[in-house]
Amino acid sequence: MILLAVTWIVMSLWNCLLPEILGVKSITFWQAMGILILSKILFGGFHFGKGMRDFKERKMREKMEGLSPEEREKFKEVWRNKCSGGFFNRNNE
């Protein structure tokens, strides 16, 4: 039901705004749904639930619990070095 409503909103906004602004054609309901699905694939949006994130966090926590204190510190040091430079200052490693 939510997908249908969001699809209708996308179609309505597209058809009200973009033909006037950009000179593009109007789209159908199914084309609007296709745009939504494509944007989900490309950008990973529509996070209605957090189940997968919880699963990944639980998996990482289990892995960390299985490490010795020395291995845990080594792991933290490696990630600290990888993340310390920021996005634009990273080395090509």
Side-chain angles (χ1 to χ4, degrees):
M1 186 65 179
I2 293 174
L3 177 63
L4 299 177
V6 172
T7 301
W8 183 83
I9 291 169
V10 168
M11 181 189 72
S12 298
L13 286 170
W14 180 290
N15 290 338
C16 288
L17 298 173
L18 293 180
E20 287 288 322
I21 296 170
L22 299 177
V24 297
K25 295 181 181 180
S26 295
I27 61 172
T28 66
F29 179 85
W30 298 110
Q31 289 170 327
M33 187 176 286
I35 290 170
L36 283 172
I37 293 169
L38 181 62
S39 66
K40 167 67 176 162
I41 293 168
L42 294 176
F43 305 113
F46 310 119
H47 297 288
F48 294 116
K50 58 178 187 165
M52 184 54 89
R53 183 180 61 207
D54 287 346
F55 174 76
K56 289 179 183 178
E57 287 175 8
R58 189 171 54 247
K59 220 42 179 154
M60 180 58 80
R61 197 173 299 116
E62 289 172 3
K63 286 182 180 181
M64 291 296 287
E65 288 172 357
L67 296 177
S68 69
E70 295 83 19
E71 291 171 323
R72 205 173 289 153
E73 282 305 312
K74 177 68 174 165
F75 177 83
K76 288 178 184 179
E77 184 65 28
V78 167
W79 279 100
R80 197 174 297 120
N81 290 337
K82 286 186 180 205
C83 300
S84 66
F87 182 78
F88 294 106
N89 298 327
R90 290 186 184 161
N91 296 333
N92 292 333
E93 295 177 6

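The first residue in the sequence is number 1, and the count goes up from there.
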- Query: With sequence neighbours excluded, what pairs up with Glu20 under the side chain to side chain donor-acceptor pair (under 3.5 Å) test?
  - Reply: none
- Item | Gap separating the CG atom of Leu22 from the CH2 atom of Trp14, nearest 0.5 angstrom | 8.0 Å
- Step by step, would you call Met11 with Thr28 a side-chain contact (heavy atoms from CB on, under 4.5 Å)? CA-CA 7 Å; Met11 181 189 72; Thr28 66; 5.5 Å; no
- Applying side-chain contact (heavy atoms from CB on, under 4.5 Å), name anything that partners Lys25, two or more places apart in sequence or on another chain. none
- Query: With side chains defined as the heavy atoms from C-beta onward, is the minimum distance between Met33 and Leu4 less than 4.5 Å?
  - Reply: yes
- Message: Using 0.5 Å steps for rounding, measure from the CZ atom of Arg58 to the CD atom of Glu62.
- Response: 7.0 Å
- Note on the structure: Sorted by chain and residue number, the side-chain contact (heavy atoms from CB on, under 4.5 Å) partners of Leu13 (sequence neighbours excluded) come out as Ile9, Leu17
- Task: For Phe29 and Thr7, work out which heavy atoms get closest and say how close.
- Result: O-CG2, 3.3 Å
- Task: Return the set of residues passing salt bridge (charged side-chain N to carboxylate O under 4.0 Å, His left out) with Arg80 (not counting sequence neighbours), or none when no residue passes.
- Result: Glu77
- Using the test salt bridge (charged side-chain N to carboxylate O under 4.0 Å, His left out), find all partners of Glu65 that sit at least two apart in sequence or belong to another chain. none
- Item | Those residues that, when tested against Ser26, pass side-chain contact (heavy atoms from CB on, under 4.5 Å) (two or more places apart) | Asn15, Pro19
- Can you see which heavy atom on Leu67 is nearest to which on Arg72, and at what distance? O-NH2, 3.0 Å
- Message: Once side-chain contact (heavy atoms from CB on, under 4.5 Å) is applied, do any residues pair with Glu73, and if so which ones, sequence neighbours excluded?
- Response: Lys76
- Task: Evaluate the criterion side-chain contact (heavy atoms from CB on, under 4.5 Å) for residue pair Met64 and Met60; output intermediate values, then yes/no.
- Result: CA-CA 6 Å; Met64 291 296 287; Met60 180 58 80; 4.2 Å; yes
